[in-house]
Amino acid sequence: MKKLKIAVQKSGRLHDESLALLKDCGIYIDNGRDQLKAVSTNFPLEIYYLRNGDIPQYLKDGVVDCAIIGENLLVEKGDGINVVGRLGFSKCRVSLAVSKTFKYKTIADLNGKRIATSYPETTRNYLKQNGVEAELHIINGSVEIAPNIGLADAICDIVSSGSTLFKNNLKEVEVIMKSEAVLAVSPTISENNNKILDKLRFRIESVLQGRDSRYVLLNAPNDKIDAIIKILPGMKSPTLLPLAKDGWSSLHSVVNRDVFWEVIEELKEAGAEGILVCPIEKMIF
Ligand SMILES: Nc1ncnc2c1ncn2[C@@H]1O[C@H](COP(=O)(O)OP(=O)(O)OP(=O)(O)O)[C@@H](O)[C@H]1O
Ligand SMILES: O=P(O)(O)OC[C@H]1O[C@H](OP(=O)(O)OP(=O)(O)O)[C@H](O)[C@@H]1O
Ligand SMILES: [Mg+2]
């Protein structure tokens, strides 16, 4: 039977969460240490452990059918590669930064300046769109050190918490793009493997929906139920069950993780009691 080939970062920021996602999708991987390739024992999947920076080329060449990759790298060197899902981890941005002492007002201040970066295409395109001409210095790591050692006047690199910029006395002045881990697909994927990919995507979406949601159970007097239902958005409509206690009901619903603390406050004010909040493993529509 044909297998879908997926690239996962060998080591680095994306590795652990990529494998955790596959595991949550119920895909078991026969994983010997230091292997470059592994197979799933219960899903038609071959896993290739590759450098994040090399994955766009492997996708273009059709060596792998799909990949979990940082979206920013597709902007850098992923022309023709489709993104079919955003995975919600490794969130960061690609930004321009300058020394704290640089009197930066607009991007025009970078005209004629030296910019160090590991992402030359992204930087070049952004400068071009803004009519700025600057000299690029391509370096592969520790980009933030460049202004301090006199190699550059500015940098273009990944920022997440901002602590690397802070430690190097730099300030973020332009956000070029926001990025997260994505599921990317080779332009040459076969029809058969596309069908396997659809199955994988279905599982991933169910897992991500579950991660984003919480199952809420609560008790309330019947005369408060209408007001409480208005607060709870629910999947379709909340489940309502009578309690053994006369005049009381139990209400079950699903609430988005990002808003659930606010919703809980409102529920309490509306008369809800004994509120339970549970994680959801998978959510299928
Ligand atoms: N500090 C960060 N916070 C959140 N996400 C990040 C951070 N740094 C990088 N990322 C994201 O994770 C991806 C992988 O970053 P990582 O530094 O592990 O690999 P890399 O330098 O691109 O390379 P390679 O696997 O080619 O050695 C990046 O493309 C980016 O999308
Ligand atoms: O805003 P922060 O939270 O400080 O994160 C940003 C830093 O994280 C990344 O480096 P990484 O740790 O991946 O090291 P690397 O340069 O070896 O890839 C990136 O290149 C920045 O240096
Ligand atoms: Mg890095």
Side-chain angles (χ1 to χ4, degrees), residues 5-22 31 33-38 47-61 63-64 66-79 81-100 115-126 136-149 151-185 204 208 211:
K5 295 181 186 134
I6 189 169
V8 166
Q9 192 187 25
K10 187 174 187 307
S11 64
R13 297 257 177 192
L14 299 166
H15 176 85
D16 290 354
E17 290 203 71
S18 301
L19 291 186
L21 179 62
L22 294 178
N31 222 359
R33 274 187 174 269
D34 299 325
Q35 272 183 201
L36 292 181
K37 189 177 138 185
I47 300 95
Y48 288 71
Y49 297 110
L50 301 171
R51 295 277 302 262
N52 190 40
D54 294 336
I55 290 175
Q57 195 58 46
Y58 284 113
L59 283 168
K60 284 184 199 167
D61 293 344
V63 175
V64 292
C66 62
I68 297 177
I69 184 174
E71 191 181 7
N72 63 297
L73 266 178
L74 294 178
V75 169
E76 181 63 24
K77 41 185 161 180
D79 44 306
I81 297 171
N82 265 339
V83 169
V84 293
R86 308 175 70 77
L87 304 177
F89 57 88
S90 288
K91 288 192 176 173
C92 58
R93 46 198 190 271
V94 180
S95 293
L96 285 163
V98 296
S99 161
K100 276 183 188 154
I115 304 177
T117 186
S118 313
Y119 304 107
E121 283 306 312
T122 311
T123 314
R124 207 172 279 129
N125 287 339
Y126 188 77
L136 294 192
H137 285 257
I138 301 158
I139 43 181
N140 288 322
S142 306
V143 173
E144 290 90 346
I145 200 100
N148 292 313
I149 57 173
L151 185 71
D153 308 295
I155 63 153
C156 176
D157 199 19
I158 284 171
V159 182
S160 176
S161 66
S163 68
T164 311
L165 291 184
F166 181 80
K167 278 186 243 159
N168 286 284
N169 283 314
L170 301 174
K171 60 182 176 189
E172 188 177 9
V173 290
E174 304 280 341
V175 176
I176 297 182
M177 70 167 293
K178 289 191 175 159
S179 173
E180 67 187 86
V182 294
L183 182 64
V185 179
I204 289 176
L208 296 182
R211 284 183 184 175

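Counting begins at 1 with the first residue of the sequence. Whatever order the structure lists them in is the order used to number ligands and atoms, beginning at 1.
Those atoms of ligand 1 that come under 4.0 Å of a heavy atom in Ser179, given as number and element, are 31 (O). Within the listing of ligand 2, atoms 1 (O) sit less than 4.0 angstrom from a heavy atom of Val159. With ligand atoms numbered from 1 in the order given, ligand 2 contributes 19 (C), 20 (O), 21 (C), 22 (O) to contacts under 4.0 Å with heavy atoms of Asp157. Contact atoms of ligand 1 toward Gly53: 26 (O) (distance under 4.0 Å to a heavy atom of the residue). Proximity to Gln9 (heavy-atom distance under 4.0 Å) selects the following atoms of ligand 1: 14 (C), 16 (P), 18 (O), 19 (O), 23 (O), 24 (P), 25 (O). Less than 4.0 angstrom separates some heavy atom of Gly12 from each of these atoms of ligand 1: 18 (O). Those atoms of ligand 2 with a heavy atom of Ser161 less than 4.0 angstrom away are 1 (O), 2 (P), 3 (O), 4 (O). Residue Asn72 approaches ligand 1 through these ligand atoms, each under 4.0 Å from one of its heavy atoms: 28 (C), 29 (O), 30 (C), 31 (O). Listed by atom number, the atoms of ligand 1 under 4.0 Å from Ile158 heavy atoms are 7 (C), 8 (N), 9 (C), 28 (C), 30 (C). Using a 4.0 Å cut-off to heavy atoms of Thr164, the atoms of ligand 2 that qualify are 2 (P), 4 (O), 5 (O), 6 (C), 7 (C), 22 (O). Atoms of ligand 2 found under 4.0 Å from any heavy atom of Glu144, numbered from 1 in the order shown, are 21 (C), 22 (O).
When non-hydrogen atoms are compared, ligand 2 lies under 4.0 Å from neither the backbone nor the side chain of Val143. In His15, neither the side chain nor the backbone holds a heavy atom less than 4.0 Å from any atom of ligand 1.
A salt bridge links Glu71 with Arg86: at least one charged nitrogen is closer than 4.0 Å to a carboxylate oxygen.
Remark: side-chain polar atoms of Asn148 are paired, donor with acceptor, to backbone N or O of Asn168 under 3.5 angstrom. Looking only at distances, no side-chain donor or acceptor of Glu17 sits under 3.5 Å from a matching main-chain atom of Phe89. When atom types are taken as modelled, the side chain of Lys60 and the backbone of Lys77 share a donor-acceptor pair closer than 3.5 angstrom.
Counting heavy atoms of neighbouring residues, nucleotides and ligands inside a 6.0 Å radius, atom NZ of Lys100 exceeds 12 of them.
Side-chain atoms of Tyr119 and Ile176, non-hydrogen and from C-beta on, never get closer than 4.5 Å to each other. At a threshold of 4.5 Å between non-hydrogen side-chain atoms, the residues Leu73 and Asn52 count as touching. Annotation: side chain of Tyr126 is not in contact with side chain of Met177 (no heavy-atom distance under 4.5 Å).
For Glu172, the side-chain contact (heavy atoms from CB on, under 4.5 Å) partners at least two apart in sequence or on another chain are Arg93, Ser95, Val159, Leu165, Val175.
Heavy-atom proximity to atom 7 (C) of ligand 1, evaluated over Glu180, Glu71, Arg13, Glu76, is greatest for Arg13. Nearest to atom 29 (O) of ligand 1 by heavy-atom distance, out of Leu50, Val159, Asp157, Asn52, is Asn52.
Residue contacts with ligand 2: Gly162 is placed with a nitrogen or oxygen under 3.5 Å of a nitrogen or oxygen of the ligand (distance criterion only).
No side-chain donor from either of Glu76 and Asn72 sits under 3.5 Å from a side-chain acceptor of the other.
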